[in-house]
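First up is the structure itself, then whatever we jot down about it.
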There are 2 protein chains.
Amino acid sequence: MEKKNSGTVGVKEIARLANVSIGTVDRVLNNRVGVSEKTKAKILKIIEELNYQPNIFARRLASKKKLRFATLIPQTSSETKYWEAPLNGIQQAANEIKDFGIEVIPFFFDQNDKATFKEGASKISAGEFDGVLMAPMFEDESIAFIEECNDKKIPLVFINSDIPGHNNLCYIGPNLYQSGYLSAHIVNYLSPANKKTLIVNISKEIDLHHHLLRKEEGFRNYFEQNGSTNELTKIDIQQTGYAHIQEKLAKQLAKEKYDVVFVTNSRVSTVAKYFEENKINDIKLIGYDFLEDNINYLKNKTIDFLICQKPQEQGYRGLMSLYYHLVLHANIEKEQFMPIDIITKENYQYYSN
Amino acid sequence: MEKKNSGTVGVKEIARLANVSIGTVDRVLNNRVGVSEKTKAKILKIIEELNYQPNIFARRLASKKKLRFATLIPQTSSETKYWEAPLNGIQQAANEIKDFGIEVIPFFFDQNDKATFKEGASKISAGEFDGVLMAPMFEDESIAFIEECNDKKIPLVFINSDIPGHNNLCYIGPNLYQSGYLSAHIVNYLSPANKKTLIVNISKEIDLHHHLLRKEEGFRNYFEQNGSTNELTKIDIQQTGYAHIQEKLAKQLAKEKYDVVFVTNSRVSTVAKYFEENKINDIKLIGYDFLEDNINYLKNKTIDFLICQKPQEQGYRGLMSLYYHLVLHANIEKEQFMPIDIITKENYQYYSN
DNA sequence: ACTAATTTCGTGTACGTTACCGTTAACCAA
DNA sequence: TTGGTTAACGGTAACGTACACGAAATTAGT
């Protein structure tokens, strides 16, 4: 804004103005040792006045610095392909920043096996990384690893779920409570006025439950706060096999007549399968995530709404945040909540994960 | 993928292998004149074999090439601030690519005055630009300008609305038909089963009407195709002042009792104002765009749903497409439809325009 | 065959930084 | 004084590419 020629001031000019060599300027720029406080101050002042911006191209060309990032997320299982999306985002980001001397090495764990998480974490610890992106699914195991990273001053970003209060670079993911709240808001628009809603939690690992509970909390609170007469029932299904889910659903649906079923995670397609097989089409079905199975049931109207929170962008922005922090020294928003997207039969075609 | 040391092969290595100097290699790389077919073929072959990727940093550092892009979009009026968002996107992109030697100069026109559009277009023609981004609102005037650009081989990208069949780089914006279709889909979920819906078109310039008509078409077709019993009425309001809109609405709403009002553009806030003043709260209201006024009416529940199509990203991606095309020689998707986002009281907080 | 015109190619410098190596000078101990 | 140590700084070769200039080689013209 100051001067039009601000693009052309470099170390050489700074050195000239400060009556030192460019070597000295370089030292204060990269705050290395070997320069007296006096000249350092003088140079800093000139840099300030000139609003010097280092030329990133020259920098990259001359620098041989390399950074290594590690990622630790669940592997995509046959059960759910949700984690494909964050991985895609990670790979996209990795590709964009590899020219800047950054190497990204992914590690995976099994959502149903804490041991594999610990294993991955210790590999990363041993691997001398400069930054880590992780999905902190298991609370206790995560905290141990987090503290280790804190000790080593390795910046850490969380995606998909948060462990609040633990010092790290940032969290990128959904606001779970609000996303449940939104689902309730949509349910509220669905006919009729006094309806019965069934909440379905499907999850094997008990640790992952707090994740679902926050959504459920938001969902319930909506109706309380808006004085609705909606009647809520909930069932927990702790086995993810279809036979078991089928049995549980059949039992529950025999008991009562529901207007809406709200599935708190991406397993909604399993419920949709049950609906389809049993020709249930008078119950509205709402669930989570832009997965192929889910989209198919959206197409044939078995599922009415999907809520989605840009899993791919979570991976992408997670890595980019590390990059911005470590390379550009930008400061990073501590909590980056993803949009809560509503997907239906008529807009899924254009959705970008 | 081939070799691990693929990062270290440059013109020098190519020159060595081809028994020529780096000058010659440089000539074929930038396909300049002055190299015989024979040696050119030899060098090209080596480049192919080595899968040579030029170092973008060294390239930018050494090059003093500059590109100039022009943008031509409506100015933000007091009537609607819609175009603030694309402009923001443009500025963001401009900022990101300015280090790559690209200068972006914005031009504006008045949506209600074709003359200003022509004026802007001729300024751009005179300005020797290398790429143009525009909102082709006025069809005839746009086509004249488009042909001029085609003659000069200047790539052109359209945002927000398209003029199909005219040769240009790409279109980035909504699929209007589908976005009307989606609105109808939402309306269909709203109680009760047999409802009366009022479609409201508010627009001064008759030229912009085809824009709105496509949405209306999608909206109507939904009900036809889904065999719904929804009863549709439509009014056109060609003055944008509140008094006039008020009068038209009052007259129409007195005639009949409607369940839903669908406003085909961002002027939905004006209708909301009328609803609020007249304490109408039993009619669902749906409209377009993430604007402050609209959001306020969303908050207080006067507006039920807003449809939004990432106007900021349209500007951003528009400029980036020019950049990718001209600098990186990437090939660009001809039609880039934006997501059709559904915004309600409970998810607007996290929406990113 | 000789010169002129033209095509084809090589060399050198510049771009702004980084990082290493060398130089100075200042200080202290012997 | 001398020698040695070290903090403070200068100088400069890279990094890979662009481009101008001029040399060399080829072709054309007589």
Side-chain angles (χ1 to χ4, degrees), chain A residues 3 5-47 50-67 98-102 326-329, chain B residues 5-44 46-47 50-67 98-102 326-329:
Chain A
K3 294 167 189 171
N5 63 345
S6 66
T8 184
V9 30
V11 277
K12 215 182 304 185
E13 175 71 359
I14 295 169
R16 200 180 57 79
L17 291 173
N19 279 321
V20 295
S21 79
I22 64 171
T24 306
V25 175
D26 181 60
R27 271 180 282 265
V28 349
L29 279 174
N30 301 38
N31 54 314
R32 280 191 282 253
V33 295
V35 40
S36 69
E37 283 303 320
K38 214 177 77 179
T39 55
K40 181 170 181 176
K42 180 167 62 175
I43 292 173
L44 245 23
K45 182 153 164 275
I46 292 173
I47 287 174
L50 263 51
N51 185 29
Y52 163 76
Q53 299 288 108
N55 183 314
I56 56 168
F57 303 99
R59 165 164 293 177
R60 264 316 300 165
L61 188 59
S63 172
K64 25 186 69 60
K65 222 177 267 168
K66 295 242 187 275
L67 288 183
K98 74 167 188 297
D99 284 338
F100 293 80
I102 290 163
L326 249 27
V327 180
L328 274 39
H329 303 109
Chain B
N5 63 345
S6 65
T8 184
V9 30
V11 278
K12 217 182 304 185
E13 174 72 359
I14 295 171
R16 200 181 58 80
L17 291 173
N19 279 321
V20 295
S21 77
I22 62 169
T24 306
V25 176
D26 179 62
R27 270 180 281 265
V28 349
L29 277 175
N30 301 39
N31 54 313
R32 281 190 279 255
V33 295
V35 40
S36 70
E37 283 302 322
K38 214 178 74 181
T39 55
K40 181 170 181 176
K42 181 167 59 174
I43 291 172
L44 244 24
I46 292 173
I47 288 173
L50 263 51
N51 184 29
Y52 163 75
Q53 300 289 109
N55 183 313
I56 55 169
F57 302 102
R59 169 162 288 179
R60 264 315 301 165
L61 185 60
S63 171
K64 28 186 64 61
K65 223 176 266 168
K66 295 244 188 270
L67 289 183
K98 75 165 189 296
D99 285 337
F100 292 80
I102 290 164
L326 250 26
V327 180
L328 273 39
H329 303 109

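Sequence lines set the chain letters: A, B, ... in the order given, protein chains first and strands last, and positions in each chain run from 1.
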### Query
What's the NZ-C1' distance between B:Lys64 and D:dA18, to the nearest Å?
7 Å
### Query
What is the distance, rounded to the nearest whole Å, between atom NZ of B:Lys66 and atom P of C:dC15?
13 Å
#### Entry: Side chain proximity check, B:Arg59 to B:Asn55, heavy atoms < 4.5 angstrom
no
#### Entry: Interatomic distance where CG belongs to A:Asp99 and P belongs to D:dT17 [whole Å]
12 Å
### Query
Distance from A:Ile56 atom CD1 to A:Leu61 atom CG, nearest 0.5 Å?
12.0 Å
### Message
If you apply the rule salt bridge (Lys or Arg N to Asp or Glu O under 4.0 Å), what do you find for B:Lys40 with B:Glu37, and how did you get there?
### Response
CA-CA 5 Å; B:Lys40 181 170 181 176; B:Glu37 283 302 322; 5.0 Å; no
### Query
Less than 4.5 Å apart, any side-chain heavy atom of A:Leu17 and any of A:Leu50?
yes
### Query
Should the pair A:Phe57 and B:Phe100 be assigned to parallel (<30°), tilted (30 to 60°) or perpendicular (>60°) ring geometry?
perpendicular
### Task
Specify the separation, in whole Å, of atom CG of A:Asn55 and atom P of C:dT18.
9 Å
### Task
Quick one: pull up CD1 in A:Ile43 and CG in A:Leu29 and give me the separation to the nearest 0.5 Å.
8.0 Å
### Query
For DNA chain D, which residues in residues 21-36 of chain B have a heavy atom at a distance below 4.0 Å?
B:Asp26, B:Asn30, B:Arg32
## Note on the structure
Assert: residue with more 5' nearest nucleotide on DNA chain C, out of B:Thr39 and B:Ala58, is B:Thr39
### Query
Looking at B:Arg59, does any N or O in its side chain come under 4.0 Å of the phosphate oxygens OP1/OP2 on D:dA18?
yes
### Task
With sequence neighbours left out, write down each residue that passes side-chain contact (heavy atoms from CB on, under 4.5 Å) with A:Val327, or none if nothing qualifies.
A:Leu67, A:Ile102, A:Tyr323
### Degree of bending, the helix from C:dA1-D:dT30 to C:dA30-D:dT1 (end axes from five pairs; round to 10°)
50°
### Rounded interatomic separation in angstrom, taking CZ from B:Phe57 and C1' from D:dA18
17 Å
### Query
Do the side chains of A:Val28 and A:Ile47 get nearer than 4.5 Å, heavy atoms only?
yes
### Query
Taking the side chain as C-beta and beyond, is there a heavy-atom pair between B:Tyr52 and B:Ile46 under 4.5 Å?
no
### Task
Send over the distance from A:Lys12 NZ to D:dG11 P, rounded to a whole Å.
13 Å
### Query
CZ of B:Arg60 versus P of D:dC15: gap in Å, rounded?
22 Å
### B:Leu61, nearest nucleotide to its side chain (from C:dA14, C:dT17, C:dG16)
C:dG16
### Message
Whole angstroms only, please: what is the NZ-C1' distance between B:Lys38 and D:dT26?
### Response
12 Å
